[in-house]
Each structure stands twice: as C-alpha cells, then as structure tokens.
Amino acid sequence: MPGLLDGKTAVVMGVANRWSIATSIAKALHGHGARLALTYEGERTKDEVEKLARELGQGLALHCDVASDDSIASLRAVLESEYKRIDVIVHSLAFARKEELAGKYFATTRDGFRIALDISAYSLVALCRELAPIVASGGSVMAMTYLGSVRAVSNYNVMGVAKAALEASVRYCAVDMGEQGVRVNAISAGPIKTASARAVSGFSNILGEVAQRAPLRRNVGAEDVGNVAVFLSSDLSSAVTGQVIYVDAGYSIVGV
Ligand code: NAD
C-alpha cells in the first residue's frame with residue numbers, strides 16, 4: 001500500500017535528542033513515506049541530528065540557527081539545490097532563559113522577552129517568508145504550541161506570551177501562504193517530558209494534573225503528536241489551515 005506521504009519532502013526543525021517532539025515527528029513522517037531534511041541549531045545538537053538522519057536513511061542534516069536571517073537564507077539555498085521544492089516544514093523549537101520560566105511573569109526582563117519572542121515566534125515568520133518560494137502548492141507548515149498561550153499557566157510565563165504570538169503568526173502566515181496553496185497550522189501539545197519542558201519550574205506537577213483531569217485520564221506522548229503531524233502533512237488535511245489543533249488528551253476543554 002503506498003504511504004500517505006510518498007513523494008513529499010519534509011524539513012523538520014528542532015531535534016535535540018531522542019526525547020524531542022521533533023524526533024517523534026520525523027520518525028512518523030518517515031514511516032509514512034516522506035523524504036526528510038533535519039536541521040540542528042548548533043554543534044551541541046549536530047551529532048544527535050546526524051545520527052537520526054542516518055537512522056532514517058536518505059535524510060539530510062543541515063545547520064539552521066533561527067536567530068540568524070543569514071542562517072535561514074543558507075538553509076533555503078541548500079534545500080533549493082538539493083530538492084528544488086519542499087512540501088512540509090515542521091517548526092518544533094522554542095527558547096526562553098531558564099530564569100524567565102519561574103516566579104512572577106512581570107519579572108520578565110526586556111531582553112528575556114525579546115529573546116523568547118524572537119526565537120520562539122518570529123522564527124516562524126522568517127522561515128515562512130524565506131522558504132515560501134520553494135514550498136510546493138499543497139504544502140503544509142506546522143508549529144508546536146502549548147495551552148499557556150491562552151491560559152496563565154504557572155511558571156510558563158514569557159513562553160506563554162511567545163506561544164500567543166506564534167499562534168497569531170500561524171493565522172497571518174496562513175493567509176499569506178494560502179495564496180500559493182500552502183497551509184499553516186499549529187499543534188497544541190499536552191505536556192511531554194523533554195529538555196525544554198524540564199526548564200519550566202514545577203513541570204512534573206503539570207504532568208500529574210493532566211493525568212488526573214484530562215478526559216482521557218492520561219498524558220500525551222510525542223508519538224501522539226507525530227501522528228497528527230502526519231495528518232497535517234498529508235492531503236487528508238487539504239482544507240485545514242490557520243488552526244490550532246489540540247493534542248492534549250482533552251485537557252484544554254475541562255472546566256471546574
Ligand atoms: P526540545 O528541547 O527537545 O526541543 C527544542 C528545540 O528547539 C531544540 O532542538 C533546540 O535546538 C531548538 N532551538 C532552540 N533555539 C534554537 C535556535 N536559535 N535555532 C534553532 N533551533 C533552536 O523540546 P520539545 O519539548 O521537543 O520542544 C519542541 C517544541 O514543542 C517547542 O516549540 C515547545 O515549546 C513545544 N511544546 C512542547 C511541549 C512539551 O511539554 N514538551 C508542549 C507543547 C509544545
């Protein structure tokens with residue numbers, strides 16, 4: 001039986017290690033037939049990303065630090081020369097200083113705010129603009145977000161504000177890229193134990209709360225997110241754009 005993503009080329013950004021949500025997404029897309037290019041932020045994550053690219057067969061491992069417009073432009077140049085056209089972009093990355101992810105939100109510094117919003121939200125805008133010319137019609141862009149964008153979640157602080165900006169950017173980019181038949185969506189994942197999540201003070205309390213109160217009475221795994229990423233990458237979601245799709249065992253719908 002042909003794979004759902006046969007013939008599609010996906011760029012997956014945000015693999016740091018085997019626990020990363022991007023790792024599960026890359027494996028899921030590969031499992032459904034996509035050809036992959038993985039990106040790494042810097043030397044710290046290069047080996048891990050190269051290892052995963054080897055494991056997934058023909059995958060490329062390319063450098064891209066989203067804080068730099070030059071780095072994004074170099075990524076585009078390599079993708080264009082290797083593939084001419086790409087079909088899927090997965091933005092699975094974020095950053096805020098650890099000290100901004102604890103205590104009072106209004107203690108956020110001007111510089112901490114700027115860095116969190118730049119890396120975690122503006123990066124999607126820059127990537128969409130730079131890569132738009134090489135994304136094929138029918139293509140799909142997706143970004144990872146979290147409930148802290150619409151609720152005040154303890155200690156999530158400036159990252160919640162960055163995710164609100166990211167979700168709004170998804171809607172605006174969906175309008176811009178819709179003209180060329182490309183969809184842009186966000187996946188709002190429930191809490192998953194990864195390096196970034198552990199930087200949020202009291203993260204394990206959030207996991208406990210979700211397991212108790214979510215309609216499905218469990219936490220989600222990165223594989224749950226990977227499966228929805230396959231749907232969003234595929235033609236099955238051809239009329240879905242500008243949306244935030246919750247993959248959170250239903251936690252976000254529960255009231256008192
Ligand atoms: P992770 O630490 O495994 O991944 C974060 C990635 O961001 C890393 O690969 C890191 O290299 C990358 N990154 C940071 N700064 C970068 C830069 N300047 N340029 C390029 N890449 C950079 O953590 P994760 O939990 O897999 O996070 C992936 C995404 O999922 C993030 O957007 C995160 O906010 C989101 N998310 C995570 C959870 C969770 O509970 N883990 C829940 C909802 C959403």
Side-chain angles (χ1 to χ4, degrees), residues 11-27 38-50 52 61-72 74-75 89-98 100-101 114-124 126-127 142-151 153 155-167 169-170 186-211 219-226 228-229 244-249 251-252:
V11 182
V12 179
M13 312 183 70
V15 172
N17 52 47
R18 66 194 162 101
W19 295 282
S20 296
I21 292 174
T23 301
S24 291
I25 292 177
K27 287 181 175 171
L38 308 177
T39 71
Y40 57 88
E41 173 193 356
E43 290 304 314
R44 210 166 37 88
T45 48
K46 183 176 184 213
D47 287 353
E48 197 70 32
V49 172
E50 286 181 341
L52 182 63
L62 306 170
H63 175 251
C64 184
D65 176 351
V66 297
S68 152
D69 287 335
D70 288 348
S71 185
I72 295 174
S74 306
L75 173 69
I89 302 169
V90 177
H91 175 288
S92 185
L93 55 92
F95 179 77
R97 289 183 185 142
K98 196 167 163 38
E100 314 273 2
L101 299 172
R114 183 188 61 72
I115 291 171
L117 274 280
D118 182 23
I119 305 295
S120 313
Y122 181 74
S123 56
L124 179 74
L127 283 165
M142 70 199 79
M144 300 304 126
T145 186
Y146 176 62
L147 185 63
S149 61
V150 289
R151 307 245 193 103
V153 174
N155 301 317
Y156 200 62
N157 295 356
V158 71
M159 190 52 79
V161 176
K163 292 303 190 191
L166 179 73
E167 290 175 19
S169 296
V170 160
I187 296 177
S188 186
I192 298 168
K193 217 183 268 180
T194 62
S196 293
R198 275 196 291 260
V200 179
S201 179
F203 175 73
S204 48
N205 300 337
I206 302 180
L207 285 177
E209 158 88 2
V210 170
N219 277 287
V220 301
E223 313 72 43
D224 295 308
V225 180
V228 175
V244 177
I245 299 178
Y246 282 79
V247 181
D248 67 345
Y251 180 77
S252 55

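Just follow the structure's listing: the first ligand is 1, and inside any ligand the first atom is 1. Just the heavy atoms: all of them, side chains too, but no hydrogens, waters or symmetry mates, feed the values below.
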> Considering only heavy atoms of C64, which atoms of ligand 1 have at least one such atom less than 4.0 Å away?
Replying inline: 19 (N), 20 (C)
> Which atoms from ligand 1 have a heavy atom of I192 less than 4.0 Å away?
Replying inline: 39 (C), 40 (O), 41 (N)
> Do you know which of M144, M159, H91 makes side-chain contact (heavy atoms from CB on, under 4.5 Å) with S120?
Replying inline: M159
>> Out of all atoms in ligand 1, which are within 4.0 Å of some heavy atom of V15? Include the element for each.
In response: 9 (O)
> Among A22, S196, S68, which one has a heavy atom closest to atom 2 (O) of ligand 1?
Replying inline: S196
Please tabulate, for the side chains in residues 193-204, all donor-acceptor contacts under 3.5 angstrom to protein atoms that are two or more places apart in sequence or on a different chain.
unit_1 : atom_1 : unit_2 : atom_2 : d
T194   : OG1    : A197   : N      : 3.2

>> With nothing but distance in play, are any N or O atoms of T194 less than 3.5 Å from an N or O of ligand 1?
In response: yes
>> Enumerate the side chain to side chain donor-acceptor pair (under 3.5 Å) contacts for residues 142-151, please, sequence neighbours excluded, ordered by first and then second residue.
In response: T145-E167, S149-E167
>> Among G190, A121, S92, which one puts a heavy atom closest to atom 42 (C) of ligand 1?
In response: G190
>> Quick one, C64 and I72 - any side-chain contact, counting heavy atoms below 4.5 Å?
In response: yes
>> Can you name the atoms of ligand 1, numbered from 1 with element, that are less than 4.0 Å from a heavy atom of T145?
In response: 43 (C), 44 (C)
>> If I apply the N/O under 3.5 Å rule, does R44 come out as touching ligand 1?
In response: no
> When rounded to the nearest 0.5 angstrom, what distance separates CZ in F95 from CG in L101?
Replying inline: 8.5 Å
>> Would A197 count as a polar contact of ligand 1, with the cut-off being nitrogen or oxygen pairs under 3.5 Å?
In response: no
> Can you find an N or O of P191 that's nearer than 3.5 Å to an N or O of ligand 1?
Replying inline: no
>> Checking the N or O distance criterion of under 3.5 Å, is ligand 1 in contact with I21?
In response: yes
> Do Y156 and ligand 1 have an N or O pair less than 3.5 Å apart?
Replying inline: no
>> Would F203 count as a polar contact of ligand 1, with the cut-off being nitrogen or oxygen pairs under 3.5 Å?
In response: no
> Considering distance alone, does some N or O of D65 sit under 3.5 Å from an N or O of ligand 1?
Replying inline: yes
>> If you measure every N or O of A189 against every N or O of ligand 1, does any of those distances drop under 3.5 Å?
In response: no
>> At under 4.0 Å between heavy atoms, is it the side chain or the backbone of K163 that contacts ligand 1, or both, or neither?
In response: side chain
> Which of the atoms in ligand 1, numbered in the order shown and given with their element, are less than 4.0 Å from a heavy-atom of G14?
Replying inline: 4 (O), 6 (C), 8 (C), 9 (O)
